[in-house]
Amino acid sequence: MAVLGVQLVVTLLTATLMHRLAAHCSFARWLLCNGSLFRYVHPSEEELRALAGKQRPRGKRERWASEEKPLSVPRDAPFQLETCPLTAVDALVLRFFLEYQWFVDFAVYTGGVYLFTEAYYYATCPAREANIAVCWCLLAVAFSIKVFLTVTRLYFSAEEGGERSVCLTFAFFFLLLAMLVQVVREETLELGLEPGLASMTGNLEPLLKKQGWDWALPLVKLTVRVGLAVVGAMLGAFLTFPGLRLAQTHRDALTMAEDRPGLQLLLHASFLSPLFVLWLWTRPIARDFLQQAPLGGTSISLLSDEAFDSVRLWVLVALCLLRLAVTRPHLQAYLGLAKVRVEQLRREAGRIEACEIQRRVVRVYCYVTVVSLQYLTPLILTLNCTLLLKSLGGYSWGLGLAPTLPPIPSSADAASAGPEEDSAQETAAQIVGALDGLLTPLFCRGLLSFLVWWIAACQLLSSLFGLYFHQHLGGS
């Protein structure tokens, strides 16, 4: 009897399609290179030479003299930047484009596998099949962390600019904040860390006492707490520059959408979406308010506990889709930085080398895939943590009662096996029972709720700081 059955077949089919269709059908390539985004093209050397009043050298002596002295033009030279649509041919030469395409496409296929698995479980209710969509979501989370490491490494490798100091400063700040968040009472911030740790240690205590290691139980709790703080500091450092970049593109996108109030509303809602996430886990103004909503002189209950948990999952998915819907306005706002930098250049006095003008324009375009990763990676990470929260936390998408949490399997389940499989199945059952005893649904709820809440908090704080910085301390 197959362990995974239909799910394994769908997984193999999905992996094959992802490999075969990457060159022909790619959501990531369509999102970036479907022709709706346009980039600025730097002026040619001949155009800059004509503006400087110099002719192209013809003789060998003139060419040698021109090579010794680079071409320079006035900073306020009236050259124009031409535009052209961003195509896949142009994007293939960009740094990290293949990584961007593979990562975003993998996230899309992960969503497809998850949808199929949810429909399969709803239709057949398999009792002894592992949920393979959880593996896909865990891989998407791991790849998100890898992308964060790759992009952050660029800032640490830069010798100038102070990006390394900014990352370390924010990492230390978020480390302190993560430790403070963990001491907030569950009546205020219902992340579920306390019930989750109690569930894990309650199952771990008999095992430790059996080995005579009951003294290590407080150490386990402390290790989990410190580990969450360290992970929070790392995520804060990873999300620092994506938040700063999001603040800049948000301001510029609002300026470009002055005559489109509907788009401006979506941009504002997308920018404030992390605030909505923080509100969902603040018990006095979220769960308690909806369960005891004031109506005249009485209070009524609008949602039960199970319905509120389901609504929270739906809101998280909707906020992720909202941020995905305004991806192109943010990317176009970033590509518009080339024109902004040229306009800033014209307000300065003196002369500048022609190659420096071209470099300033090209640098914006060459960095667009990194900006795309900075924008989409937090979204993908939040969405997959939300899906894991539903699957591993025992929640339901319906607004009725949540399904009962499955019992923890024990080694006694292997007793019905045949004599030739007794030893292997007993060992496997003990290992699975120990893991399930540690990674209980309550512990997974607390861990994943903390991660979703913390990602939103880091995004909100870094983007608000970036908004203040770009508006009051730095140029646009």
Counting N and O atoms only, with roles assigned by atom type, does the side chain of [X] sit under 3.5 Å from a partner on the main chain of [Y], one being a donor and the other an acceptor?
X      : Y      : answer
Tyr334 : Arg245 : no
Gln101 : Arg29  : no
Ser304 : Ala307 : yes
Arg445 : Gly393 : yes
Ser273 : Ser270 : yes
Ser199 : Gly196 : no
Ser157 : Leu154 : yes

For this session: Could you check whether the rings of Phe143 and Trp102 sit parallel, tilted or perpendicular, using 30° and 60° as the cut-offs?
Result: perpendicular
Exercise. Are Ser144 and Asn384 close enough, and set up right, to give a side-chain contact (heavy atoms from CB on, under 4.5 Å), and what steps lead you there?
Worked result: CA-CA 10 Å; Ser144 300; Asn384 283 277; 5.5 Å; no
Determine, using ring centers only, whether [Y] and [X] are less than 6.0 Å apart.
X      : Y      : value
Trp30  : Phe27  : yes
Trp397 : Tyr122 : no
Trp136 : Phe106 : yes

Would you compute the distance between atom [atom1] of [X] and atom [atom2] of [Y] and round it to the nearest 0.5 angstrom?
X      : Y      : atom1 : atom2 : value
Phe241 : Cys167 : CZ    : SG    : 4.5 Å
Ser310 : Lys390 : OG    : NZ    : 9.0 Å
Ser462 : Leu467 : OG    : CG    : 11.0 Å
Leu460 : Phe465 : CG    : CZ    : 14.0 Å
Lys146 : Glu99  : NZ    : CD    : 7.0 Å
Leu381 : Ile455 : CG    : CD1   : 3.5 Å

For this session: In sequence, state the C-alpha distance, the side-chain angles, and the governing distance for Val134 and Thr117, and then conclude on side-chain contact (heavy atoms from CB on, under 4.5 Å).
Result: CA-CA 10 Å; Val134 172; Thr117 305; over 6 Å; no
Considering all heavy atoms of both residues, which atom of [X] and which atom of [Y] are nearest to each other, and what is their separation?
X      : Y      : answer
Ala456 : Pro274 : O-CB, 3.3 Å
Phe174 : Ala237 : CD1-N, 4.4 Å
Cys33  : Phe97  : SG-CE1, 4.3 Å
Thr377 : Val147 : OG1-CG1, 3.4 Å
Cys320 : Thr382 : SG-CG2, 4.0 Å
Ala253 : Pro329 : CB-O, 3.8 Å

Are [X] and [Y] packed together at the side-chain level, in the sense that at least one heavy-atom pair is separated by less than 4.5 angstrom?
X      : Y      : value
Leu280 : Val452 : no
Leu447 : Leu228 : yes
Trp453 : Val181 : yes
Leu149 : Arg153 : no
Gln332 : Ser36  : no
Met179 : Leu176 : yes
Arg328 : Asn34  : yes
Leu94  : Tyr100 : no

Exercise. Can Leu313 and Val317 be said to form a side-chain contact (heavy atoms from CB on, under 4.5 Å), step by step?
Worked result: CA-CA 6 Å; Leu313 293 175; Val317 173; 5.7 Å; no
Problem set entry | Passing option when Phe238 is tested against Trp454, Phe170, Phe148 for ring pair (Phe, Tyr, Trp, His ring centres under 6.0 Å) | Phe148
Problem set entry | Phe156 six-ring centre to Arg164 NZ/CZ under 6.0 Å and within 45° of normal | no
Problem set entry | Single hit among Glu187, Glu306, Glu190 for salt bridge (Lys or Arg N to Asp or Glu O under 4.0 Å) with Arg287 | Glu190
Problem set entry | Donor-acceptor side-chain pairing of Thr249 and Asp252 below 3.5 angstrom | no
Problem set entry | side-chain contact (heavy atoms from CB on, under 4.5 Å) between Phe116 and Thr14, worked out | CA-CA 11 Å; Phe116 170 82; Thr14 304; over 6 Å; no
Problem set entry | N-O pairing of Arg225 and Glu194 below 4.0 Å | yes
Exercise. Considering residues, nucleotides and ligands other than Phe289, do more than 12 of their heavy atoms fall under 6.0 Å from its CZ?
Worked result: no
Let me have the donor-acceptor pairs involving side chains of residues 367-375, under 3.5 Å, with sequence neighbours excluded, atom names and distances please.
from: Tyr367; atom 1: OH; to: Tyr155; atom 2: OH; distance (Å): 3.1
from: Thr369; atom 1: OG1; to: Arg95; atom 2: O; distance (Å): 2.5
from: Ser372; atom 1: OG; to: Val368; atom 2: O; distance (Å): 2.8
from: Gln374; atom 1: NE2; to: Tyr155; atom 2: OH; distance (Å): 2.6
from: Tyr375; atom 1: OH; to: Arg323; atom 2: O; distance (Å): 2.6

